[in-house]
Visitor: 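Have a look at the structure that comes next, please.
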Amino acid sequence: MKSFTTLTLLLIAQGICMAQTPIYKNKKAPTESRVEDLLKRMTLDEKILQLNQGTVGDNNNPNNNGFKKPSFAEGIGSLIDFSADPAFRNSIQKRAMEETRLGIPILFGYDVIHGFRTVYPISLAQGCSFNTELVQQMCAVSAKETKLSGVDWTFSPMIDVARDPRWGRVSEGYGEDPYTNAMFGVASVRGYQGNQLDAPYSIAACLKHFVGYGMSEGGRDYHYADISPQSLWETYMVPYQAGIKAGAATVMSGFNDISGIPASANHYTLTEVLKNRWSHDGFVVSDWGSVEQLMAQGVAKDRKEAGLKAFMAGVDMDMEDDVYSQNLKQLITEKKIPMTRIDDAVKRVLRIKFRLGLFDSPYTPIVEQRYLQPESKVVAQQLAAESMVLLKNDQHILPITAATSKIALVGPLAKDQEDLLGNWHAHGEAADITTILDGLQKEFGQKVQFNYAKGCAFDGTDESLIAEAVEAARKSDIIIACIGEKAGWTGENTSRSTIALPAIQEKLIAELKKTGKPLVLILGNGRPLELMRLQPMADAILEMWQPGITAGDALASILSGRVNPSGKLDITFPLTTGQIPTYYDMRQAARPYSGKYQDIPTDPLYWFGYGLSYTNFNYAPIQLSSASIRKNQKLTATVEVKNTGATTGKEAVLWYISAPASSISRPMKELKYFEKKEIAAGTKIIYKFELDPIRDLSFPDADGKRHLEAGTFTLMAGDQKIKFELTD
Ligand code: NOJ
């Protein structure tokens, strides 16, 4: 009898307990039930708080100049965390969990663009690897460092197609091609988010800056972007649609004005397309202050109207400028904003927090050994090496042969650390960088004597260091000149009127050239450069970009030939700044044989897709499974590539199509697929492209509706091309 009573009491107690545990706190309940349950319990003030993002820690973004917000409201939705300190994060999170009424965790975000502490090559370089698996791996190891530092959410990848290298942010994306941006965007999302957002080392990704930011007029940051609806759909939307399909948790709205309706007030792009057509159920965060900037852009008379426009267009969370926290309540009282929209936005934010597992595991475990782990360094070095692009190699001057015993190593980048990190390098430290000099000394050992001289600064007019560099060159068998840009010359708010290097660097190269010694240029930069005067002087040019912490090691492995260069440009190098815009998927002119520049050649110096190897790859004719297909049939194309040289190497095969006359004119050629494989010396490999007409041959109209039209298409890979018919 006694045991019966105890059992009954226990069961009753458990029942009471279960009845008291709200659904939103029950790990096992489905996410949507948890979201709905929590929403029902929230006051309007609590809801509005979820739609705001503040900051903690010292802002390390040069554009916001050490900006530090004095405080944030308890219960705020999100914080940008500049601290890199998980204990600090946990202390803030504890207050949110234990001292607010409902215990809603804060979502901590940060800009982890190309690494957190282990810094990888800049994104523009990564795209040149044409190795999406490697970039996915990089994002995964980077996510681990990030998560263990207390950050749940990165504002990355940037997938803004960029065709004006004067725009400094060209360094943050994957170049000029929509498909390449799409593929690397997808790889990044997969790497950051893993298979499940609530896995121990997964973080949420953020596709940015939706949409068309890369079109900023004149390459001037934050400027107007005049984008036709046709270009919007066939160029700028492409990577975003792919990223959403890959499951990106969040999206950031851009600063730019899209042909009169700013991206952060654009109902068409944010709501009609992103949320309705593409069914994105995560949330949209504004860019830093992009809500209040609607006033400067001329579509809002005051902050309140800016908030109304951004929120009703579809921006769910306000980054930093406090417009939502100060105005949403009033706008609801005035019935300008319906509660349904508030609830929709709050649900989106909560949904991502639940998916990340923040309600169940709100704190970051303290792991001391989280930075610069061996697995991260291996990925960093491989990616840096695969990102480098060999642009010129006359008389096979590279790799450096055993006969070379004295190398003049000159230029402002030869011993530099900071600038090889590139822009927006999170918590990366210059001291972690292997310099070029150190990397080469390690690679070549005692066999080679390095005669180092700086030669000149990055800019300015001081020519006094040039003589020493010339002297070093005279004493040496070969000159390796490391020139380029400072890290701060690209990134946000770093537009330039010319993409030529400062005259002092060109002068250094001209003086070195006079020695008659073989001259190798190593370029470290975050945008394509104007090489018109430099290129003819060089025997070899290696585009190293800004390779991150393993810079010297990765470069040395290429210069010694231990690693065969395999990068190809993801962005065209114009011959001069005056050729901008120039990109490979242009449309044909009315008079293709005419319309040339009178004063300079019309073609760029290096097209998208260009890159040399130490070996040769011969492409056999493309084989097709059929010379003609119907619209609902697939086509298999194969091409056999032979490595005819004596060195094993990796070759990325880029498959392009060229469309027949269509109802809407099409670019001269468009990249549709790429794949990179290693081919041993003297062997051949077959590359395959499974072409799906609906995916690969259709094109969007000015409202994104896809059209598939019959006709004769051309398929291209390497120097091979073949025609095939598409019939109804
Ligand atoms: C402004 C930049 O445009 C954006 O890319 C970045 O994520 C935010 N600031 C936050 O730092």
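Each ligand, and each atom within it, is numbered from 1 in the order the structure gives. Atoms considered below: every heavy atom in the structure, side chains included; atoms not considered: hydrogens, waters and symmetry mates.
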Visitor: Heavy-atom contacts with D287 under 4.0 Å: which atoms of ligand 1 show up? List them by number with element.
Guide: 1 (C), 2 (C), 3 (O), 4 (C), 6 (C), 8 (C), 9 (N)

Visitor: With atoms numbered from 1 as shown, which atoms in ligand 1 lie under 4.0 angstrom from a non-hydrogen atom of K208?
Guide: 4 (C), 5 (O), 6 (C), 7 (O)

Visitor: Classify the contact between R169 and ligand 1 as side chain, backbone, both or neither, using a heavy-atom distance cut-off of under 4.0 Å.
Guide: side chain

Visitor: Could you list which atoms of ligand 1 come closer than 4.0 Å to a heavy atom of F155?
Guide: 7 (O)

Visitor: Any idea which part of Y222 is under 4.0 Å from ligand 1, heavy-atom wise: side chain, backbone, both or neither?
Guide: neither

Visitor: Check each of R355, K275, K347, R348 against D281 using the side chain to side chain donor-acceptor pair (under 3.5 Å) test, and report the only one that passes.
Guide: R355

Visitor: Under the salt bridge (Lys or Arg N to Asp or Glu O under 4.0 Å) test, which residues partner R220, sequence neighbours left out?
Guide: none

Visitor: Going by the salt bridge (Lys or Arg N to Asp or Glu O under 4.0 Å) test, which pairs reach into residues 115-131, not counting sequence neighbours?
Guide: R117-E429, R117-D432

Visitor: Is the contact between M319 and ligand 1 made by the side chain, the backbone, both, or neither, using heavy atoms and a 4.0 Å cut-off?
Guide: side chain

Visitor: Crowded around K304 NZ? As in, over 12 foreign heavy atoms under 6.0 Å?
Guide: yes

Visitor: Indicate yes or no: does an N/O atom of H209 lie under 3.5 Å from an N/O atom of ligand 1?
Guide: yes

Visitor: With a cut-off of 4.0 Å, which atoms of ligand 1 are near a heavy atom of W424?
Guide: 2 (C), 6 (C), 11 (O)

Visitor: Tell me if the centroids of the rings in Y110 and H427 come within less than 6.0 Å of each other.
Guide: yes

Visitor: Relative to the heavy atoms of M252, which atoms of ligand 1 are at a distance of less than 4.0 Å?
Guide: 4 (C), 7 (O)

Visitor: Find out whether the Lys NZ or Arg CZ of R169 is both under 6.0 angstrom from the six-membered ring centre of Y213 and within 45° of the ring's axis.
Guide: no

Visitor: Taking the six-membered ring of Y201, is the NZ or CZ of K147 close enough (under 6.0 Å from the centre) and on axis enough (within 45°)?
Guide: no

Visitor: Can Y213 be said to touch ligand 1, with heavy atoms closer than 4.0 Å?
Guide: no

